[in-house]
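Side-chain atoms are counted along with the backbone in the values below, which use heavy atoms only and exclude waters and symmetry mates. Chain letters run A, B, ... following the sequence lines, proteins first, then strands; residues in each count from 1. Since we're looking at a predicted model, the values are computed, not measured.
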Number of protein chains: 2
Amino acid sequence: MLKVWPLGQIRNRVPSMDGQREKRKGESLVPLQSIPIKVSLPHLKASCSTCSLYELCLPLGLKPDDVDFLDQIVNSRRKYRRGEHLYRAGDPFHALFVIKSGFFKIFDLDAEGREKTTGFYMAGELLGIEAISTNRFNYNAVALEDCAVCEIPFCDLEKLSITIPALSHQFHRLMSREIIAEQQHILMLGTMKAIQRLAAFLLNLSQRFGARGYSPTHFYLRMSREEIGNYLGLSIETISRLLSKFQEEGIISVHSRDIEIKNLAGLKDLVANPA
Amino acid sequence: MLKVWPLGQIRNRVPSMDGQREKRKGESLVPLQSIPIKVSLPHLKASCSTCSLYELCLPLGLKPDDVDFLDQIVNSRRKYRRGEHLYRAGDPFHALFVIKSGFFKIFDLDAEGREKTTGFYMAGELLGIEAISTNRFNYNAVALEDCAVCEIPFCDLEKLSITIPALSHQFHRLMSREIIAEQQHILMLGTMKAIQRLAAFLLNLSQRFGARGYSPTHFYLRMSREEIGNYLGLSIETISRLLSKFQEEGIISVHSRDIEIKNLAGLKDLVANPA
DNA sequence: CGATCGGTTGAAGACCTTCAAAAGCAGTGG
DNA sequence: CCACTGCTTTTGAAGGTCTTCAACCGATCG
């Protein structure tokens with residue numbers, strides 16, 4: 001039921017973010033700054049070949065020379081501050097985006113202007129593919145913390161794919177991965193009770209943080225309770241109550257948006273047996 | 001909130017199926033035989049160039065010569081009888097499938113063996129793309145009526161895409177279209193009440209039948225109440241009750257799996273204002 | 001300081017599910 | 001032709017899950 005990351009572990013593990021999240025009295029609970037991932041040095045030059053997200057991203061399977069060609073079409077200098085839009089529904093589509101660091105949410109706005117969060121995306125994940133068929137973005141993407149993003153002009157990507165079959169193949173794999181993730185979201189919304197959904201959601205985050213070299217048991221939620229509820233098809237109160245319940249049962253420890261999973265097996269068991 | 005078909009209408013409209021669905025006393029309510037669509041003659045030879053699904057499918061945007069190349073890799077002779085599996089979860093992935101005629105459901109089996117329907121697919125729709133990233137099918141596909149299917153070996157498609165950029169582009173559009181459809185399913189499951197979901201489901205079928213030249217207001221449900229409920233995240237009883245309610249209100253007329261939409265605007269209004 | 005925002009907690013109630021029973025329809029065999 | 005069986009669908013009643021409404025807390029900010 002969880003988002004699958006069938007790719008291997010990241011080659012160059014980065015330090016766990018745990019140290020950054022020690023709770024200090026009076027600490028401002030503003031979301032983390034974009035967490036530097038290995039190559040995010042101040043004088044950063046676009047370079048897929050040295051990017052630690054290599055195995056989660058488009059260059060996987062490419063020969064070094066081909067990665068250089070990819071580098072030439074990627075504009076990786078874009079930064080977005082918390083709250084900034086990466087794109088809005090209706091914007092013309094020119095480029096795909098890969099998150100280099102940070103956290104985005106994707107949401108729809110209904111006729112009454114209510115937000116409906118359909119996804120959360122983190123480093124190495126591809127944004128905007130749903131716009132290919134319509135030539136416009138269909139949803140909104142907003143940074144939940146300061147983010148660095150690689151922009152990949154889509155027509156360049158298609159052209160380059162012609163000369164680099166491995167790039168084409170990896171792009172197809174990434175789109176396919178997105179479809180699997182969405183089908184699992186559908187299964188979650190269609191079959192699971194509130195307890196299972198929230199447990200599955202935490203496990204999904206855990207796995208994705210783990211796959212990026214961060215602690216899978218101790219992380220900071222970039223999204224509000226409202227956004228979680230929205231994403232899981234539940235009310236904000238239900239999310240709050242369940243987090244409290246999980247804490248009472250000793251499965252997690254919650255301090256505002258700081259989450260520590262104390263009993264990973266117990267959390268997995270909740271998905272299977274909501275009791 | 002509905003599945004979008006941003007492509008144009010089918011060029012060669014085919015006769016409405018209404019005539020076939022006149023309710024006669026004692027009529028067997030076995031699902032319709034695969035409905036012949038223009039070129040489905042007995043001595044059918046694989047030919048994308050003469051297929052009426054042209055604009056819904058991979059050949060869209062290709063030059064005639066390129067369509068011929070596509071024809072050469074497509075095996076379009078495959079037939080599936082009602083209840084037959086097109087593929088099963090875990091099967092190795094070699095080819096994508098496009099439905100030529102008929103109706104498939106996609107479902108997952110949970111640990112206890114319960115089915116969970118995640119999608120219904122009809123003519124012109126692409127099946128199996130979620131398997132690209134894992135090299136195995138992740139779900140099961142079963143024919144809900146007798147079906148004809150085009151099989152497209154995936155490595156051939158990737159190879160051909162290199163020489164035909166328009167084919168590559170159209171393939172990307174189809175994958176993107178699938179992602180949009182799934183995001184709309186997510187929105188439906190995450191935000192809508194039972195009434196809205198069923199109304200949206202009927203409207204979605206209506207639109208898809210309409211886009212294929214069939215009557216958008218009078219069609220035959222290929223799936224059971226259980227499969228509908230499963231797909232919409234609702235119980236079979238709720239589906240039954242709501243269909244009865246819609247009929248009482250004069251919005252639709254239901255006879256077993258035969259559905260006539262009497263008030264399309266009313267149905268749309270139910271999605272917006274579940275009342 | 002008061003206002004606001006995000007989060008927590010309690011109580012009431014809506015919505016949908018589950019349980020249960022019966023009806024409708026199809027297929028089989030006497 | 002009818003009785004019997006099995007399956008799907010319908011309908012009613014009871015019950016559970018989750019939402020909504022409301023109050024409150026703590027932190028932040030002008």
Side-chain angles (χ1 to χ4, degrees), chain A residues 23-31 82-83 105 114-117 144 188-199 201 220-248 252-259 270 273-275, chain B residues 23-31 82-83 114-117 144 188-199 201 220-248 252-259 270 274-275:
Chain A
K23 180 89 165 107
R24 288 183 302 279
K25 185 165 168 9
E27 179 191 25
S28 162
L29 280 176
V30 168
R82 183 160 107 94
K105 75 166 172 183
R114 278 184 299 256
E115 275 190 20
K116 173 60 198 173
T117 304
L144 291 179
M188 181 164 78
L189 293 176
T191 59
M192 289 187 179
K193 294 191 185 304
I195 292 184
Q196 297 171 288
R197 294 188 201 178
L198 185 59
F201 175 69
Y220 183 77
L221 295 176
R222 273 68 172 181
M223 67 294 283
S224 68
R225 304 287 193 269
E226 181 164 21
E227 285 159 342
I228 298 174
N230 219 322
Y231 176 75
L232 297 178
L234 300 169
S235 71
I236 178 174
E237 294 94 332
T238 298
I239 303 299
S240 183
R241 270 184 261 268
L242 286 174
L243 284 175
S244 301
K245 183 172 141 76
F246 288 178
Q247 178 158 249
E248 277 166 30
I252 64 173
S253 149
V254 193
H255 297 96
S256 189
R257 294 189 179 184
D258 185 82
I259 298 277
L270 277 183
N273 310 303
Chain B
K23 180 87 165 107
R24 289 183 301 277
K25 185 166 170 8
E27 179 192 23
S28 163
L29 279 177
V30 167
R82 184 159 108 92
R114 279 184 298 258
E115 275 191 20
K116 173 61 197 172
T117 303
L144 291 179
M188 180 164 80
L189 293 176
T191 58
M192 289 186 180
K193 295 190 184 305
I195 291 185
Q196 297 171 289
R197 294 188 201 177
L198 186 58
F201 174 69
Y220 183 77
L221 295 175
R222 272 70 170 181
M223 67 294 281
S224 67
R225 303 288 193 268
E226 180 164 23
E227 284 158 343
I228 298 173
N230 220 323
Y231 176 75
L232 297 178
L234 299 169
S235 71
I236 177 174
E237 294 94 333
T238 297
I239 303 300
S240 182
R241 268 185 262 271
L242 287 175
L243 284 175
S244 300
K245 182 172 142 75
F246 288 178
Q247 177 158 249
E248 276 165 30
I252 64 172
S253 150
V254 193
H255 296 97
S256 189
R257 295 189 177 184
D258 185 83
I259 299 277
L270 278 182

To the nearest 10°, let me know how far the axis at one end of the helix from C/dC1-D/dG30 to C/dG30-D/dC1 is tilted from the axis at the other, five pairs an end. 30°
So which atom in B/Leu242 and which in B/Leu198 form the shortest heavy-atom distance, rounded to 0.1 Å? CB-CD2, 3.5 Å
Between A/Val254 and A/Ile259, which heavy-atom pair has the shortest distance, and what is it? CG1-CD1, 4.0 Å
Kindly compute the distance separating OG (B/Ser235) from CD1 (B/Ile228), expressed to the nearest 0.5 Å. 12.0 Å
Do any N or O atoms from the side chain of [X] and from the backbone of [Y] form a donor-acceptor pair under 3.5 angstrom?
{"X": "B/Gln196", "Y": "B/Pro274", "answer": "no"}
{"X": "B/Arg225", "Y": "B/Ile236", "answer": "no"}
{"X": "B/Arg222", "Y": "B/Leu144", "answer": "no"}

Whole angstrom is fine here: how far is it from [atom1] in [X] over to [atom2] in [N]?
{"X": "B/Ile259", "N": "D/dT9", "atom1": "CD1", "atom2": "C1'", "value": "13 Å"}
{"X": "B/Arg82", "N": "D/dC7", "atom1": "CZ", "atom2": "C1'", "value": "12 Å"}
{"X": "B/Glu227", "N": "D/dT9", "atom1": "CD", "atom2": "P", "value": "9 Å"}

Taking salt bridge (Lys or Arg N to Asp or Glu O under 4.0 Å) as the test, write out the residues that go with B/Lys193, two or more places apart. none
Determine, for nucleotides 6-17 of chain C in 5'-to-3' order, which nucleotides have protein heavy atoms under 4.0 Å from the base (write B), from only the sugar-phosphate (write S), or from neither (write -). SSBBBB----SB
Would you say that B/Tyr231 contacts B/Met188 through its side chain, given a criterion of any heavy-atom pair below 4.5 Å between the two side chains? yes
